[in-house]
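Keep in mind that this is a model prediction, so the values were computed, not measured.
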Amino acid sequence: MDDLTDYDTIVLAGGAARRLGGADKPSLSVGGRPLLDRVLAACPDAAITVVVGPRRPATRAVVHALEDPPGGGPLAALDAGLRHTTAPTVLVLSADLPFLTAATVQSLLEAATRTDGAAAPGGGSVPHEGHVPHEGRAPHGGRVPRDGRTLRDGAMLQDASGRDQPLVAAYRAEPLRRELARVRAEHGTLAGLPLRALMAGLLLERVPDATTTASFDCDTWEDISAARARIREHGNVLDEWITAVKAELGIELDVDTAALLDLARDAAHGVARPAAPLTTFLIGYAAGQQGRDVQELTDRAAALANRWAAEGAADADATGAETKPAQ
């Protein structure tokens, strides 16, 4: 394994979600799928995935952990998750990222494990001048190999406004553990401390998210509504729907959507609802590959479609005062 495939993931899925009225945010549905499942789908290759927070269903096997004390904040949660990991690189994510993709995860892992230059303390890439004749320590803890290049401590996403996203990041495990120990020693606890207490001692590369898509998080009902609306935009809706159906049916398949739409149009003499033939194709594929009952698969896809429609109806009916949309 190399550093891009030998990684673990920690998903922080606790918190009080006060701006959502205390709702269980990771379980809220966007595009018919819980936010937690959308985040897990972006890192399927993680050797170990730890979800820190109250136990809840997930689409794949995860390790469950709980911060000490419960509700102790992001550093306590990160520490709890890190205790279950063994890989040299750790992907750290919040559980409210509806548009995180595997491509963004790959970019973070690549940036976190590069050695071609040094990263500035707290983020940003800077040239590393001079030669260090033996392996030692760079300022702020970065490790200096024999070729004189400083290894980054990790990489985090930076949104279009320039705001750092330490919970959409990949870190080298050793410096992450070191800095958590330092913060605990300085403060006597990790509970209640902000993430910036940890970031100050790490050399982090920033990976730009120019459209603030992968870093878009859902803190309010307005954010949830905006995410649901975005996936229904004309250029996104079919890809999002096909992804949701594949996840619901438990299949992995590259779908040539344009070709299937052309076939469906010709076969049905101009079908007006292109999601319908695509969905029936996926049901047939799942039944053939897995030997499963077509009616069961049809019922599951129908239930997914109902959830999909219910979200749009709930948001359309919302008025004036903030109202909790259907989950």
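A cation-pi geometry, defined here as NZ or CZ lying under 6.0 Å from the six-membered ring centre and within 45° of its normal, does not hold between Arg177 and Tyr171.
At distances below 3.5 Å, at least one donor-acceptor pair connects side-chain atoms of Asp209 with backbone N or O atoms of Ala214. Looking only at distances, a side-chain donor or acceptor of Arg56 sits under 3.5 Å from a matching main-chain atom of Pro54. A donor-acceptor pair is defined here as one N or O able to donate and one able to accept, closer than 3.5 Å; no such pair exists between the side chain of Thr85 and the backbone of Ala87. With hydrogens and angles ignored, the 3.5 Å screen pairs no side-chain donor or acceptor of Asp299 with any backbone N or O of Glu296. Arg152 places no side-chain N or O within donor-acceptor distance of the main-chain N or O of Thr113, the cut-off being under 3.5 Å. Judged purely by atom type and a 3.5 angstrom limit, Asp79 has no side-chain atom pairing as donor or acceptor with the backbone of Leu75. In this structure, the side chain of Thr212 engages the main chain of Ala160 through a donor-acceptor pair within 3.5 Å. For Arg300 (side chain) and Glu248 (main-chain N/O), a donor-acceptor pair under 3.5 Å exists by modelled atom type. Of the possible donor and acceptor atoms, none in the side chain of Arg206 sits under 3.5 Å from a partner among the backbone N and O of Gly162.
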Going through the checks in order, is the side-chain contact (heavy atoms from CB on, under 4.5 Å) test met by Met156 and Val168?
-> CA-CA 6 Å; Met156 63 180 167; Val168 194; over 6 Å; no
Show your working on side chain to side chain donor-acceptor pair (under 3.5 Å) between Thr104 and Thr101 and close with a plain yes or no.
-> CA-CA 5 Å; Thr104 297; Thr101 65; 3.3 Å; yes
Take Leu100 and Phe216 through the test side-chain contact (heavy atoms from CB on, under 4.5 Å) and record every step on the way to the result.
-> CA-CA 8 Å; Leu100 184 68; Phe216 181 90; over 6 Å; no
Evaluate the criterion side-chain contact (heavy atoms from CB on, under 4.5 Å) for residue pair Leu167 and Leu97; output intermediate values, then yes/no.
-> CA-CA 10 Å; Leu167 296 184; Leu97 303 165; over 6 Å; no
Quick one: do Asp153 and Arg178 satisfy side-chain contact (heavy atoms from CB on, under 4.5 Å)? Show the steps, please.
-> CA-CA 11 Å; Asp153 292 331; Arg178 179 198 70 225; 3.8 Å; yes
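Under a hydrophobic-cluster definition in which Ile, Leu, Val, Met, Phe, Trp and Tyr are linked whenever side-chain heavy atoms come within less than 4.5 Å, directly or via other members, Leu66 and Ile48 are assigned to different clusters. Under a hydrophobic-cluster definition in which Ile, Leu, Val, Met, Phe, Trp and Tyr are linked whenever side-chain heavy atoms come within less than 4.5 Å, directly or via other members, Leu193 and Val92 are assigned to the same cluster.
Between Pro166 and Met199, the shortest heavy-atom contact is CB-SD, 3.7 Å. For the pair Arg33 and Ala247, the tightest heavy-atom approach, listed with the atom from each and the gap, is CD-CB, 3.9 Å. Minimum interatomic distance between Leu36 and Pro57 (heavy atoms only, all atoms of both residues): CD2-O, 4.1 Å. Across all their heavy atoms, Ala287 and Leu297 have their closest contact at N-CD1, 3.5 Å. The two residues Leu35 and Ala95 make their nearest non-hydrogen contact at CB-O, 3.4 Å. Nearest heavy-atom pair across Ala155 and Leu204 is N-CD2, 4.2 Å.
Atom CZ in Arg292 sits 7.0 Å away from atom CG in Leu249 (nearest 0.5 Å). Atom CG in Leu91 sits 8.5 Å away from atom OG1 in Thr49 (nearest 0.5 Å). Atom-to-atom distance recorded for Leu78:CG and Leu198:CG is 6.5 Å, nearest 0.5 angstrom. Note that CG of Leu28 and SG of Cys218 are 8.5 Å apart. Values are rounded to the nearest 0.5 Å. Between atom CD1 of residue Ile10 and atom OG of residue Ser94 there is a gap of 13.0 Å, rounded to the nearest 0.5 Å. Here the straight-line distance linking atom CG of Leu93 with atom SG of Cys43 works out to 5.5 Å at 0.5 Å rounding.
Salt-bridge check for Arg232 with Glu311: passed, with a basic side-chain N closer than 4.0 Å to an acidic carboxylate O. A salt bridge between Arg38 and Glu240 is present, with a side-chain N of the basic residue lying under 4.0 Å from a carboxylate O of the acidic one. Classification of Arg60 and Asp37 as a salt-bridged pair fails, no side-chain N sitting under 4.0 Å from a carboxylate O. The residues Arg230 and Glu233 are annotated as not salt-bridged, no charged nitrogen and carboxylate oxygen being separated by less than 4.0 angstrom. In summary, Asp159 and Arg163 engage in a salt bridge, as defined by a charged side-chain N under 4.0 Å from a carboxylate O. No salt bridge links Glu110 with Arg114; every basic N to acidic carboxylate O contact stays at or beyond 4.0 Å.
Inter-residue side-chain proximity for Val90 and Arg172 is flagged as unmet; no heavy-atom pair is nearer than 4.5 Å. A 4.5 Å side-chain heavy-atom check between Leu108 and Leu157 finds at least one atom pair inside the cut-off. With a 4.5 Å cut-off on side-chain heavy atoms, Asp8 and Val50 do not count as touching.
Tested against Trp241, the residues Val245, Thr243, Asp239 include a single side-chain contact (heavy atoms from CB on, under 4.5 Å) partner, Val245.
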